[in-house]
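Only one structure is covered here, and it is reproduced in the block below.
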Number of protein chains: 2
Amino acid sequence: MDMNDFKERKKKILQVVIHHYVRTARPAASRMIVRDYDFPFSSATVRNVLAELEEEGYLTHPYTSAGRIPTDKGYRFYVNRLMEAQKLTQEEERRIEREYRAKRRGLEEVLRQTSKMLSHISHHAGFILSPTLERSFLKHIELVPLGGKRILAVLVIQAGLIRHKTIQLNYDLKRSQLYRISELLNEKLSGLPLSQMREKMNRIIEQESNKYLGLLQAAKGLIGQAFTSEESEIYLEGSANILASVKEDLYDYAGVGSVFRAIEEKRIILDIVRRLIQSEGVKVLIGRENLYPELKDFSVVSSTYKSGNRVVGALGIIGPKRMEYPKMVALVDFIAKVVNNILNSEGG
Amino acid sequence: MDMNDFKERKKKILQVVIHHYVRTARPAASRMIVRDYDFPFSSATVRNVLAELEEEGYLTHPYTSAGRIPTDKGYRFYVNRLMEAQKLTQEEERRIEREYRAKRRGLEEVLRQTSKMLSHISHHAGFILSPTLERSFLKHIELVPLGGKRILAVLVIQAGLIRHKTIQLNYDLKRSQLYRISELLNEKLSGLPLSQMREKMNRIIEQESNKYLGLLQAAKGLIGQAFTSEESEIYLEGSANILASVKEDLYDYAGVGSVFRAIEEKRIILDIVRRLIQSEGVKVLIGRENLYPELKDFSVVSSTYKSGNRVVGALGIIGPKRMEYPKMVALVDFIAKVVNNILNSEGG
DNA sequence: AATTAGCACTCCCAACAGCAGAGTGCTAAT
DNA sequence: ATTAGCACTCTGCTGTTGGGAGTGCTAATT
């Protein structure tokens with residue numbers, strides 16, 4: 001970086017301020033910058049630049065004679081333009097892969113493990129959404145008798161997700177009958193996206209005027225229920241880490257309660273992530289960019305995963321704005337890729 | 001209560017101190033007791049009694065000239081002997097019942113809802129354990145083909161719990177074959193406690209030397225896996241409330257992180273509750289009675305629920321020691337009963 | 001013998017002042 | 001364009017002070 005280039009120097013200083021603040025949680029002072037980063041200028045010069053950066057909205061300072069800390073805009077510029085892409089260490093990548101290999105059961109297990117891993121490695125809160133049903137394809141459906149006019153519908157989704165739903169009928173059905181109906185449904189429905197299910201059922205019912213008509217009607221209602229009411233589930237881990245970062249940052253504890261409540265309710269994450277699910281690749285949302293005021297002091301780094309060639313879910317981390325973005329981006333990116341592989345090697 | 005009876009008066013004073021502290025989170029002072037509770041004695045007299053109570057270990061005071069606050073022993077005496085049983089208000093009972101009626105699907109939904117309700121009404125953290133598998137009876141088992149030599153085993157437990165597990169075989173099986181095997185398994189196994197399953201499978205395999213032997217072998221492994229590896233799940237809600245109580249109590253924030261981590265990990269709750277599952281009725285654990293040091297400033301109020309006539313799970317709340325015990329006991333008791341009813345009316 | 005009035009004593013807590021240190025902003029010199 | 005220098009601001013600590021709350025004890029009262 002050419003220090004004589006005015007603009008370059010300015011960027012460099014912004015970068016240093018952010019690095020310093022991320023590492024230490026203390027505002028960065030002009031003299032410190034010169035000293036610790038071998039800056040070939042005096043502190044006075046740096047002060048001028050800092051003043052400019054503040055003018056332009058990239059930095060601020062908590063009180064008159066404190067050092068500078070980044071604003072959301074500052075972080076944003078850093079993330080977009082300044083930070084260098086980073087990779088996880090070999091050690092970390094290996095650890096992740098080993099972890100997945102060690103214990104590999106159903107999709108649920110993978111999801112749970114993923115959220116845990118995101119949290120442990122990042123030291124922030126980690127989350128992953130289970131595949132959205134509407135965007136997935138049906139792989140198999142099976143109706144199982146529970147006795148007492150109740151049946152259990154088991155749905156296997158392409159991504160490997162398994163959902164079940166208890167249905168109350170007002171008449172009895174033998175196991176053998178259910179077996180045949182399941183067969184019929186599989187024949188007609190499997191491979192289709194769930195979003196088209198209802199409509200398809202209608203068509204089947206029109207054509208098929210056989211003795212199972214009643215049950216098909218029931219099955220239709222059942223499928224409608226099972227698919228529309230279910231939200232994606234969130235696997236969330238390590239929200240206690242939020243507390244730790246709040247402590248370091250000396251924020252006021254006042255707001256913490258609301259953050260927790262917000263995260264615990266999961267609605268917000270769901271909402272934020274729903275927006276991201278449209279696009280691919282790692283996305284970073286900084287501070288107030290998360291439209292929810294509870295998260296104004298936090299950042300979300302997230303990515304998506306696919307089943308087949310459709311994006312069906314998202315995962316990521318939530319931590320203080322003051323986080324190591326390059327590392328977090330690398331982590332989320334890597335884990336998203338691993339999850340993708342797992343889902344599309346065996347699950348598909 | 002006869003105020004002239006020395007002992008009665010002492011109890012009354014202990015009770016007042018606890019009430020006051022629970023309500024206000026401030027130590028109770030002698031003068032305040034006399035004033036606010038129309039005490040027919042002077043503050044000096046009360047002071048003497050307070051000193052005695054402290055001597056005997058029921059009270060303590062944070063520093064020389066502060067009022068008194070209860071010790072664990074004080075709370076214990078209060079819970080055992082002093083507090084009057086309380087019922088929920090009609091309004092609350094109705095609300096709870098309405099809530100359950102409104103949205104009644106599978107057991108999972110009931111569990112989730114229960115933990116939420118416990119949390120919302122108590123304003124503390126609410127939890128419920130899903131039925132322990134070993135203590136439950138098998139109601140139905142079904143094997144479903146997933147394609148690619150994988151099958152899904154769906155287990156329906158008497159309490160209404162549904163578990164599924166993906167199994168990888170090294171040979172293919174037709175759906176019709178699986179159908180027949182399921183039938184066989186149901187015939188032989190349903191109604192049995194899961195704890196005897198493995199042994200029973202052995203006997204079946206001995207007797208049945210037919211063509212499905214290979215699969216039965218597989219099924220045996222499968223069942224073993226599915227039942228032993230699974231822990232009870234905890235549904236936990238409202239841990240953010242813990243934060244609020246810590247704030248009120250002016251504890252130091254230092255320990256909060258550990259509490260959170262402890263609760264989030266769920267291991268501890270699981271452990272505490274495993275002990276309770278032996279007995280019936282509402283149990284209260286106060287402060288250090290929860291052997292885990294992280295919980296030394298918290299109390300757990302919990303009860304159990306049954307399936308058939310066996311205790312299979314537990315539920316309750318976790319809150320600060322400074323909680324309204326009579327109310328909490330009433331709440332946990334009531335909800336446990338409701339859950340019992342739900343499980344044993346339709347689920348059984 | 002139980003109760004109470006009275007008072008000394010302890011400890012907390014909030015307010016205040018004083019002071020060193022860190023850092024900035026500005027001006028004038030280079 | 002850069003820098004030295006200095007006044008100024010604000011924090012964060014420390015020490016002090018005074019009031020208030022509440023106890024513990026003793027001696028007086030019933």
Side-chain angles (χ1 to χ4, degrees), chain A residues 2-14 16-17 20-21 24-71 74 248-252, chain B residues 2-10 12-14 16-17 20-21 24-71 74 249-252:
Chain A
D2 184 359
M3 279 299 184
N4 292 321
D5 183 334
F6 197 83
K7 287 216 164 170
E8 285 307 315
R9 188 176 61 197
K10 203 156 158 182
K11 285 185 197 166
K12 176 70 178 173
I13 288 177
L14 177 56
V16 165
V17 170
H20 180 267
Y21 185 64
T24 66
R26 304 249 158 265
S30 57
R31 192 145 56 85
M32 176 259 123
I33 293 175
V34 174
R35 179 169 19 87
D36 290 13
Y37 291 81
D38 295 331
F39 228 70
F41 297 97
S42 79
S43 62
T45 310
V46 172
R47 272 203 293 285
N48 289 329
V49 180
L50 289 176
E52 282 176 51
L53 283 166
E54 178 159 4
E55 188 85 9
E56 298 160 35
Y58 295 103
L59 297 178
T60 184
H61 55 218
Y63 53 89
T64 339
S65 100
R68 299 306 205 293
I69 64 177
T71 60
E248 278 186 3
D249 288 20
L250 5 128
Y251 291 153
D252 51 342
Chain B
D2 183 0
M3 279 301 183
N4 292 322
D5 182 336
F6 196 82
K7 287 217 162 169
E8 285 306 315
R9 188 176 63 195
K10 204 156 158 182
K12 175 72 177 172
I13 288 177
L14 176 56
V16 165
V17 170
H20 179 266
Y21 186 63
T24 66
R26 305 246 158 266
S30 56
R31 192 147 55 84
M32 177 258 123
I33 292 175
V34 174
R35 180 167 22 84
D36 291 13
Y37 290 80
D38 295 331
F39 228 68
F41 297 95
S42 80
S43 63
T45 309
V46 172
R47 270 203 294 285
N48 289 330
V49 180
L50 289 175
E52 283 176 51
L53 283 166
E54 178 159 5
E55 187 86 9
E56 299 161 35
Y58 296 103
L59 296 178
T60 185
H61 54 217
Y63 53 90
T64 338
S65 100
R68 299 304 205 293
I69 64 176
T71 60
D249 288 18
L250 3 129
Y251 292 152
D252 51 342

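Quantities reported herein were computed from a predicted structural model and do not represent experimental measurements. Here is how names work: the chains are called A, B, and so on, in the same order as the sequence lines, proteins then strands, and each is numbered from 1.
- D:dT16 is paired with C:dA15 under the Watson-Crick or G-U wobble criterion, all donor-acceptor distances under 3.5 Å.
- Rounded to an integer number of Å, the gap from B:N48 CG to D:dT23 P is 11 Å.
- Nucleotide C:dA1 holds its P atom 14 Å from the CZ atom of B:F6, rounded to whole Å.
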Between B:F39 and B:R9, does the side chain to side chain contact (heavy atoms under 4.5 Å, CB included) criterion hold? Intermediate values first, please. CA-CA 10 Å; B:F39 228 68; B:R9 188 176 63 195; 4.2 Å; yes

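- Taking 4.0 angstrom as the limit, A:T45 places a side-chain polar atom (N or O) nearer than this to OP1 or OP2 of D:dT3.
- Here C:dT24 presents its C1' atom at 15 Å from CG of A:L53, a figure rounded to the nearest Å.
- Counting non-hydrogen atoms under 4.0 angstrom, B:S30 reaches the backbone sugars and phosphates but no base.
- Residue B:S65 places no side-chain N or O under 4.0 Å from the OP1 or OP2 atom of C:dC12.
- The base of D:dT9 has none of its N or O atoms less than 3.5 Å from a complementary donor or acceptor on the side chain of A:T64.
- Contact check, A:R68 against C:dG25: a side-chain N or O comes under 4.0 Å of OP1 or OP2.
- In this entry the distance linking OH of B:Y63 with P of D:dG22 reads 8 Å, nearest Å.
- Evaluation of atom-type donor-acceptor distances gives a pair under 3.5 Å for the side chain of B:R47 against the base of D:dG24.
- Across all strands shown, D:dA1 is found opposite C:dT30 as a Watson-Crick or G-U wobble partner, with both distances under 3.5 Å.
- Taking atom CD1 on A:I33 and atom P on D:dT3, their separation rounds to 14 Å, with Å as the unit.
- The interatomic distance linking B:I69 (CD1) with D:dG22 (P) rounds to 14 Å, in whole Å.
- In this structure, the CG atom of A:L59 is 11 Å from the P atom of C:dG25, given to the nearest Å.
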Could you go step by step and tell me if B:V17 and B:L50 meet the side chain to side chain contact (heavy atoms under 4.5 Å, CB included) rule? CA-CA 9 Å; B:V17 170; B:L50 289 175; 3.9 Å; yes

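- Atom CZ of A:R26 and atom C1' of D:dG12 are 11 Å apart (whole Å).
- In this structure, A:R9 reaches the D:dT2 phosphate: one of its side-chain N or O atoms is under 4.0 Å from OP1 or OP2.
- Of the listed residues (A:K12, A:K11, A:K10), just one forms a salt bridge (charged side-chain N to carboxylate O under 4.0 Å, His left out) with A:E8, and that residue is A:K11.
- Using a 4.0 Å cut-off, some side-chain N or O of A:S42 falls inside it from OP1 or OP2 of D:dT3.
- A distance-only check finds no donor-acceptor pair linking the side chain of A:T71 to the backbone of A:T60 [under 3.5 Å].
- Along DNA chain C, the nucleotide nearest to A:A44 and the one nearest to A:A29 differ in position, and the one closer to the 5' end is contacted by A:A29.
- When all heavy atoms of A:Y21 and A:P70 are compared, the pair lying nearest together is CD2-CD, 3.6 Å.
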